[in-house]
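As a basis for the values below, the full set of heavy atoms in this structure was taken, side chains included, without hydrogen atoms, waters or symmetry mates. It should be emphasised that the depicted structure is a prediction, and the values quoted were computed from it without experimental measurement. Numbered from 1 within each chain, the chains take letters A, B, ... in sequence-line order.
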Amino acid sequence: MDSVIALIDCQAFYVSCERVFDPALRGRPTVVLSNNDGCIIARSASVKAAGVPMGAPVFKWRDELEAMDAAVLSSNYALYADLSRRVTAVLETMSIDLERYSIDECFVTLPALDRDALRALGERIRRRVRDWVGIPVRVAIGPTKSLAKIADEKAKADKRAGDGTGVYVCPPEPDLDVLLYRTDVGDVWGIGPSYEETLREHGVTTAAEFRALPDPWIRSTMTVVGLRLARELRGQRCLDLDLVGPDRQSLVRSRSFGAPVEAKAELRQALAKHAQRAAEKLREEDLVARGISAFITTKTHGPPPHYADEAQATLDEHTAAAPPFVRSSRRLLDAIYRAGPAYRKAGVMLYAIRPRRPHQGSLFGRPVQDDEALMQAVDRINGTMGRGTIGVAAAGLPGDRDWTMTRDNTSQHYTTRWDELPVARA
DNA sequence: TCTGGGGTCCTAGGACCC
DNA sequence: TCTGGGGTCCTAGGACCC
């Protein structure tokens with residue numbers, strides 16, 4: 001093999017982003033919350049060490065966080081997305097090929113050097129991202145994506161011990177087998193709770209035992225996905241780098257409500273807002289969609305009643321204009337709404353997505369160009385004067401009560417809004 | 001009282017076609 | 001009594017990821 005794969009993983013990414021701009025947070029225990037300030041979705045090392053789990057509802061950990069004097073921040077996705085882009089821009093100056101896997105991880109290919117040289121290269125990557133963007137990253141290297149993921153787990157573990165370098169290179173066989181024997185099968189990338197349970201029932205508890213299973217058994221129990229995984233752990237490359245990024249299949253906009261909602265009119269407005277935002281996102285990505293589904297749900301935890309339903313519709317033609325999706329969301333709500341329950345969340349999903357091409361008007365109805373010109377004007381105004389300045393009336397007016405979200409403690413948009421740039425004082 | 005918001009891929013089964 | 005053998009497309013649901 002003339003190349004290896006490195007996983008570049010930003011450490012406690014959201015927390016690190018906040019620390020770039022607020023030095024007072026460095027060294028202070030910090031968590032970042034999900035939308036609506038519900039769950040803990042990023043934790044500094046000290047908070048992790050205190051046993052606060054990922055995804056935990058914040059209300060269960062208030063006391064512990066207070067005792068640690070932890071900073072509790074609402075999420076600021078515009079900031080994180082921007083810094084993520086800067087991290088990949090730095091990597092592009094150094095690596096051969098790059099796949100952006102998620103907001104805080106990417107895969108790159110590196111030349112197949114010996115272990116020491118790879119470690120040194122990993123260090124250089126790490127240093128450059130830290131110096132140029134201010135975000136600490138781990139670099140985990142292996143012959144395949146799945147083994148790079150294993151290496152990342154190992155690097156994380158080293159970090160916890162306190163003296164890890166943040167760079168880990170998979171050893172060759174037979175040391176690799178030893179490493180995999182020490183890796184819990186549930187910690188393998190792609191093996192979730194359900195497969196883990198099945199495997200344990202068959203006496204398989206380590207990654208090494210998993211990759212040694214017979215192919216037909218894996219295939220029939222875990223589909224080809226499982227088989228690819230096992231082969232990757234054997235060093236056989238089955239998952240290629242997705243260089244251009246896959247074409248989008250679907251697009252979801254949804255939010256939990258700050259407080260329960262019963263009124264149909266409010267659900268209608270929420271769905272209209274989501275439909276409008278989803279269409280805006282389509283236009284940003286130069287896509288059009290034809291399918292829409294709308295869903296509403298009550299709480300899903302705790303004692304019943306729980307209620308959730310969803311309905312779908314197909315538009316006459318592909319479009320990225322807001323009005324057809326908004327109209328459709330209203331009809332879909334009529335189909336699924338039941339009076340009575342207190343709803344906690346609503347959203348829309350667009351599907352049947354493809355790239356926008358000119359002149360895709362249908363034989364029926366208004367020509368698309370009208371909508372297109374209108375939407376261009378809308379985007380221009382919102383681009384200049386701020387998101388939400390104008391939009392369909394069904395989505396509510398800018399001055400309306402913002403019932404959609406609780407966000408008590410958001411940092412500034414340091415890098416994406418002129419009026420919130422950091423200020424340097426001499 | 002308070003539990004996120006995105007995504008992807010795979011399979012089975014039904015409808016429909018010749 | 002006997003009742004083909006392919007295809008394709010679509011959808012629902014399950015599994016996983018960050």
Here the salt bridge (Lys or Arg N to Asp or Glu O under 4.0 Å) pairs for residues 71-82 of chain A, sequence neighbours left out, are Asp82(A)-Arg85(A), Asp82(A)-Arg86(A)
Could you give all pairs that pass the salt bridge (Lys or Arg N to Asp or Glu O under 4.0 Å) test and reach residues 286-300 of chain A, with sequence neighbours left out?
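Listed once each, the pairs are Asp286(A)-Arg356(A).
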Run the salt bridge (Lys or Arg N to Asp or Glu O under 4.0 Å) test against [X] and tell me which residues pass, sequence neighbours left out.
| X | result |
| --- | --- |
| Asp184(A) | Arg200(A) |
| Asp215(A) | Arg231(A), Arg234(A) |
| Glu201(A) | none |

Anything below 3.5 Å on both distances counts as a pair; with that, list the stems of at least three consecutive Watson-Crick or G-U pairs involving DNA chain B.
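The stems are B:5-18 with C:5-18.
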What pairs with Ser84(A) under side-chain hydrogen bond (donor to acceptor under 3.5 Å, both in side chains), at least two apart in sequence or on another chain?
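Counting only residues at least two positions away or on another chain, Ser84(A) forms a side-chain hydrogen bond (donor to acceptor under 3.5 Å, both in side chains) with Arg100(A).
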Reading DNA chain C from 5' to 3', where do the contacts with chain A start and stop? Cut-off is 4.0 Å to heavy atoms.
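Under 4.0 Å from chain A, the extent on DNA chain C is dA12(C) to dC18(C).
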Counting the atoms with a prime plus P, OP1 and OP2 as sugar-phosphate, which does Lys281(A) contact under 4.0 Å by heavy atoms, base, sugar-phosphate, or nothing?
nothing
At 4.0 Å (heavy atoms only), tell me whether Val188(A) reaches a base, stays on the sugar-phosphate, or touches nothing.
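Sugar-phosphate contact only - Val188(A) comes under 4.0 Å of backbone atoms but never of a base.
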All side chain to side chain contact (heavy atoms under 4.5 Å, CB included) counterparts of Ser146(A), not counting sequence neighbours:
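Listed in chain order: Thr144(A), Trp189(A), Leu229(A), Glu232(A), Leu233(A), Leu239(A).
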Identify, with sequence neighbours excluded, every residue that meets side chain to side chain contact (heavy atoms under 4.5 Å, CB included) alongside Ala342(A).
Pro260(A), Glu262(A)
Kindly list each side-chain donor-acceptor pair under 3.5 angstrom involving residues 216-223 of chain A, sequence neighbours excluded, with atom names and distances?
| from | atom 1 | to | atom 2 | distance (Å) |
| --- | --- | --- | --- | --- |
| Ser220(A) | OG | Pro216(A) | O | 3.2 |
| Ser220(A) | OG | Trp217(A) | O | 3.2 |
| Thr221(A) | OG1 | Trp217(A) | O | 2.5 |
| Thr223(A) | OG1 | Val225(A) | N | 3.1 |

Those residues of residues 199-221 of chain A lying under 4.0 Å from DNA chain B by at least one heavy atom
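Output list: Arg219(A).
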Assess, by modelled atom type and distance only, whether the side chains of Arg26(A) and Ser16(A) contain a donor and an acceptor separated by less than 3.5 Å.
no
Write down the distance separating the P atoms in dT3(B) and dC18(C), rounded off to the nearest Å.
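Comparing P positions in dT3(B) and dC18(C) gives a spacing of 24 Å.
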Where each residue is assigned the nucleotide of DNA chain B containing its nearest heavy atom, which of Pro260(A) and Arg253(A) is assigned the position nearer the 5′ end?
Pro260(A)
